[in-house]
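Everything below concerns the one structure shown next.
Counting convention: from 1, in listed order, for ligands and their atoms alike. Nothing here was measured: the structure is a model prediction, and the numbers come from that model.
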Amino acid sequence: MKPGPELPAVNRVTRHAVLGDLEPLREVTIWFEDRAVKAREGEPILSALIASGVGILRYTKNGSPRRMFCGIGRCTDCVMSVDGVPGVRTCVTAVRDGMRVERQEGVGRWAGEDGRDGA
Ligand code: FES
């Protein structure tokens, strides 16, 4: 899998203009490929990845990189392999401590699937 260019990590919002001071949430760890990523319990996978500087989320079958687009589960630009299941929309899927997230190419592969690549 091709590595994606990384983005600078960002600081998390602790005070919101409308909501005021935000309660700190329990921290969990997910794995993005071989890297431990700190996440806030219950937040979307995509939020944790962006906050840690992950830019490219997947590649199309033609090798075009994709980043977040809609952020509301309507497109497929954020789909990734999560715990061996390809095609998971990471913008609407909450983190779980210890989960493993990987970029996918095309439609991805199921864990343990032979070397057949997606279309
Ligand atoms: S960014 Fe569009 S479905 Fe996640």
Side-chain angles (χ1 to χ4, degrees):
M1 183 66 61
K2 296 167 267 187
E6 301 297 324
L7 301 170
V10 297
N11 291 327
R12 297 303 190 110
V13 172
T14 57
R15 179 162 177 71
H16 186 274
V18 175
L19 302 174
D21 289 329
L22 301 176
E23 293 289 322
L25 299 174
R26 189 172 84 90
E27 190 174 88
V28 298
T29 301
I30 64 173
W31 292 89
F32 171 64
E33 297 173 348
D34 290 327
R35 179 159 60 103
V37 171
K38 297 295 181 197
R40 292 174 171 179
E41 188 173 50
E43 74 175 341
I45 298 167
L46 182 58
S47 298
L49 295 179
I50 289 174
S52 73
V54 175
I56 303 301
L57 305 170
R58 72 176 184 95
Y59 292 91
T60 67
K61 65 180 180 181
N62 298 321
S64 296
R66 289 291 182 262
R67 298 177 186 265
M68 184 191 85
F69 182 66
C70 74
I72 57 171
R74 295 297 186 199
C75 71
T76 56
D77 281 354
C78 70
V79 297
M80 303 179 83
S81 176
V82 177
D83 290 335
V85 176
V88 175
R89 285 176 164 85
T90 58
C91 68
V92 291
T93 303
V95 297
R96 189 179 57 257
D97 196 27
M99 72 183 351
R100 296 197 166 271
V101 181
E102 297 176 345
R103 289 186 181 108
Q104 67 179 57
E105 198 164 326
V107 296
R109 298 180 184 144
W110 288 83
E113 191 175 40
D114 63 2
R116 188 170 60 90
D117 195 8

**Item:** Heavy-atom donor-acceptor pair, E41 side chain to L25 backbone, under 3.5 Å
**Value:** no

**Item:** Closest protein heavy atom to atom 1 (S) of ligand 1, given as residue, atom name and distance to 0.1 Å
**Value:** G71 N, 3.2 Å

**Message:** Check this for me, if you would: do D77 and R58 make a salt bridge, where the nitrogen-to-carboxylate-oxygen distance has to be below 4.0 angstrom?
**Reply:**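 Yes.
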
**Salt bridge flag under 4.0 Å for residues D83 and R100** = no

Against heavy atoms of [X], which atoms of ligand 1 measure under 4.0 Å?
{"X": "R74", "value": "3 (S)"}
{"X": "F69", "value": "1 (S)"}
{"X": "G73", "value": "3 (S)"}

**Prompt:** Which angle, to the nearest 10 degrees, do you find at atom 4 (Fe) of ligand 1 between SG in C91 and SG in C78?
**Reply:**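 Seen from atom 4 (Fe) of ligand 1, SG and SG are separated by roughly 110°.
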
**Message:** Please report, to 10°, the angle around atom 2 (Fe) of ligand 1 from atom SG (C75) across to atom SG (C70).
**Reply:**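 Once rounded, the angle between the two atoms at atom 2 (Fe) of ligand 1 is 110°.
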
**Message:** Taking atom CZ as the centre, does R74 end up with more than 12 heavy-atom neighbours from other residues, nucleotides or ligands that are less than 6.0 angstrom away?
**Reply:** no

**Prompt:** If you measure from CZ on R103 to CG on L49, what distance do you get to the nearest 0.5 Å?
**Reply:**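 R103 atom CZ to L49 atom CG measures 9.0 Å (nearest 0.5 Å).
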
